[in-house]
Engineer: 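Here it is, the structure in full.
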2 protein chains.
Amino acid sequence: MENKEIDKKLESKNVKPTAMRTLVYKTLAETGKALSLADLEQRFEKVERSTIFRALKTFEENFIVHPVDDGSGSVKYAVCDDECTCNIHDLHVHFYCTRCGRTRCMKELPIPNIKLPEGYTYDNAQFIINGVCPRCD
Amino acid sequence: MENKEIDKKLESKNVKPTAMRTLVYKTLAETGKALSLADLEQRFEKVERSTIFRALKTFEENFIVHPVDDGSGSVKYAVCDDECTCNIHDLHVHFYCTRCGRTRCMKELPIPNIKLPEGYTYDNAQFIINGVCPRCD
DNA sequence: ATTAACTTTGCAATAGTGTTGCACTAACTT
DNA sequence: AAGTTAGTGCAACACTATTGCAAAGTTAAT
Ligand SMILES: [Mn+2]
Ligand SMILES: [Mn+2]
Ligand SMILES: [Zn+2]
Ligand SMILES: [Zn+2]
């Protein structure tokens, strides 16, 4: 993905593109899976943890990425679809491979609609499936 | 719940009842919601964190309690049903109230059956719904 | 261009959760 | 009773997440 393209994307979500942000976004977009702060930190030795952290937070607030808490101990982040506003209808299942630790967005599997008991209201959900991915099987 | 009853329960799951274990189990059973290590620690000042931690781990291994990772930052634990073996068919949805931080087992809502793409196998899942509970509404 | 105002980054420190080694004690076995 | 095993308390540690603050970079206004 072109840097220019990324910057347009960020701007369209009201986030000023900076070198660091573009780099973080690019990495997430290109690897195509959910990455944790530590994962990202490893991929570019030189960049400060807190800088990446703040980039992710900014992205999250502006629906550029969504967090995935896969139970591995660190929250991971994956790029959102263009139209995503991270509301309950945009959410999908995530798959966590217990062998390789990779976490994948199952965009083809929206989170099923749940009818809660009287009195409960909800606006968010996480549906994580743990198992073995084709690559590890 | 009687201590004797608890001890029988633990024994039936091959866990030797001790004062600490009985206490931890009793607390989880009586509060009827999922509690974290820190929650438990608070409830009985005198008991060591690591002791509670190990009790929970032992319980978990023997299907006496199940972990709930509700995204709050600490894993919580709730008592299992008698027949539970924590396999995919025993799992249910959990509700996390973002106002009060309480996490509740929705035992009436089993985790829906999901058809994954070819090549994926799974044996566990977490389905957390975030919203506001009746008490906080 | 120069200054002022605002934003982003790097660094260091901190809080919180989870986890383990080790020594001590309680419980169980023979 | 002596030996063996299991459970507990304490302290230390690893790791994730988060923040204050100062330095560097950007933008906007004179
Ligand atoms: Mn996703
Ligand atoms: Mn439950
Ligand atoms: Zn895998
Ligand atoms: Zn509530």
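As a basis for the values below, the full set of heavy atoms in this structure was taken, side chains included, without hydrogen atoms, waters or symmetry mates. To find a chain, count down the sequence lines: A is the first, B the second, and so on, and within it residues start at 1.
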Engineer: Anything under 3.5 Å between a donor and an acceptor, one on a side chain of residues 114-124 of chain B, the other on a protein residue two or more places apart or in another chain? List them.
Structural biologist:
{"residue": "B/Y120", "atom": "OH", "partner": "A/R104", "partner atom": "NH1", "Å": "2.4"}
{"residue": "B/Y122", "atom": "OH", "partner": "B/N113", "partner atom": "OD1", "Å": "3.4"}
{"residue": "B/Y122", "atom": "OH", "partner": "B/I114", "partner atom": "O", "Å": "3.3"}

Engineer: Quick one, which residues of residues 1-10 of chain A touch DNA chain C with a heavy atom under 4.0 Å?
Structural biologist: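 Nothing qualifies; none.
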Engineer: Find the distance A/L37:CG to D/dT19:P and express it as a whole number of Å.
Structural biologist: 13 Å
Engineer: Are the side chain of B/R21 and the backbone of B/K16 linked by a donor-acceptor contact shorter than 3.5 Å?
Structural biologist: yes
Engineer: Kindly compute the distance separating CE (B/M1) from CG (B/L28), expressed to the nearest 0.5 Å.
Structural biologist: 11.5 Å
Engineer: If I compare all heavy atoms of A/P17 with all of A/T22, which pair ends up nearest, and what's the gap?
Structural biologist: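 Taking every non-hydrogen atom into account, CB-OG1, 4.2 Å.
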Engineer: For nucleotides 9-15 of chain D, just jot down a letter per nucleotide in 5' to 3' order: B, S or -, based on protein non-hydrogen atoms under 4.0 Å.
Structural biologist: BB-B---
Engineer: For residues 62-73 of chain B, which residue pairs pass the side chain to side chain donor-acceptor pair (under 3.5 Å) check, not counting sequence neighbours?
Structural biologist: B/H66-B/H92, B/H66-B/H94, B/D70-B/S72, B/D70-B/K76, B/D70-B/T103
Engineer: Let me spell it out: for each of A/A19 and B/G73, pick the nucleotide of DNA chain C with the closest heavy atom. Which residue's pick is nearer the 5' end?
Structural biologist: A/A19
Engineer: How many angstroms lie between atom CD of B/E41 and atom OG of B/S50, to the nearest 0.5 angstrom?
Structural biologist: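 Between B/E41 CD and B/S50 OG, I get 9.5 Å after rounding to 0.5 Å.
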Engineer: To the nearest Å, how far apart are B/I52 CD1 and D/dG7 C1'?
Structural biologist: 14 Å
Engineer: State, to 0.1 Å, how close A/C84 and A/F63 come at their nearest heavy-atom pair, and which atoms those are.
Structural biologist: O-CB, 3.6 Å
Engineer: Taking CD from A/E61 and P from D/dT18, how many angstroms apart are they, rounded to a whole number?
Structural biologist: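 A/E61 atom CD is separated from D/dT18 atom P by 11 Å.
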Engineer: Please give, in whole Å, the distance from D/dT5 P to B/K16 NZ?
Structural biologist: 12 Å
Engineer: If we ignore hydrogens and angles and just use 3.5 Å, is the side chain of A/D81 paired with the main-chain N or O of A/E83 as donor and acceptor?
Structural biologist: no
Engineer: Of the non-hydrogen atoms in B/D90 and B/C86, which two are nearest, and what is the gap between them?
Structural biologist: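 Where B/D90 meets B/C86 most closely, the heavy atoms are OD2-N, 3.2 Å.
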Engineer: On DNA chain D, does the nearest nucleotide to B/T18 precede the nearest nucleotide to A/Y77 from the 5' side, or the other way round? Give the residue.
Structural biologist: B/T18
Engineer: How close do B/E60 and B/P67 get, counting heavy atoms only, and between which atoms?
Structural biologist: OE2-CG, 3.4 Å
Engineer: Walking along DNA chain C from 5' to 3', note the first and the last nucleotide with an atom under 4.0 Å from a heavy atom of chain A, and give both.
Structural biologist: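 Listing 5' to 3', DNA chain C meets chain A from C/dT7 to C/dA13.
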Engineer: Between side-chain atoms of residues 30-38 of chain B and protein atoms elsewhere (two or more places apart, or another chain), which donor-acceptor pairs fall under 3.5 Å?
Structural biologist:
{"residue": "B/T31", "atom": "OG1", "partner": "B/T27", "partner atom": "O", "Å": "3.1"}
{"residue": "B/S36", "atom": "OG", "partner": "B/A38", "partner atom": "N", "Å": "3.4"}
{"residue": "B/S36", "atom": "OG", "partner": "B/D39", "partner atom": "N", "Å": "3.0"}
{"residue": "B/S36", "atom": "OG", "partner": "B/D39", "partner atom": "OD1", "Å": "3.4"}
{"residue": "B/S36", "atom": "OG", "partner": "B/D39", "partner atom": "OD2", "Å": "3.1"}

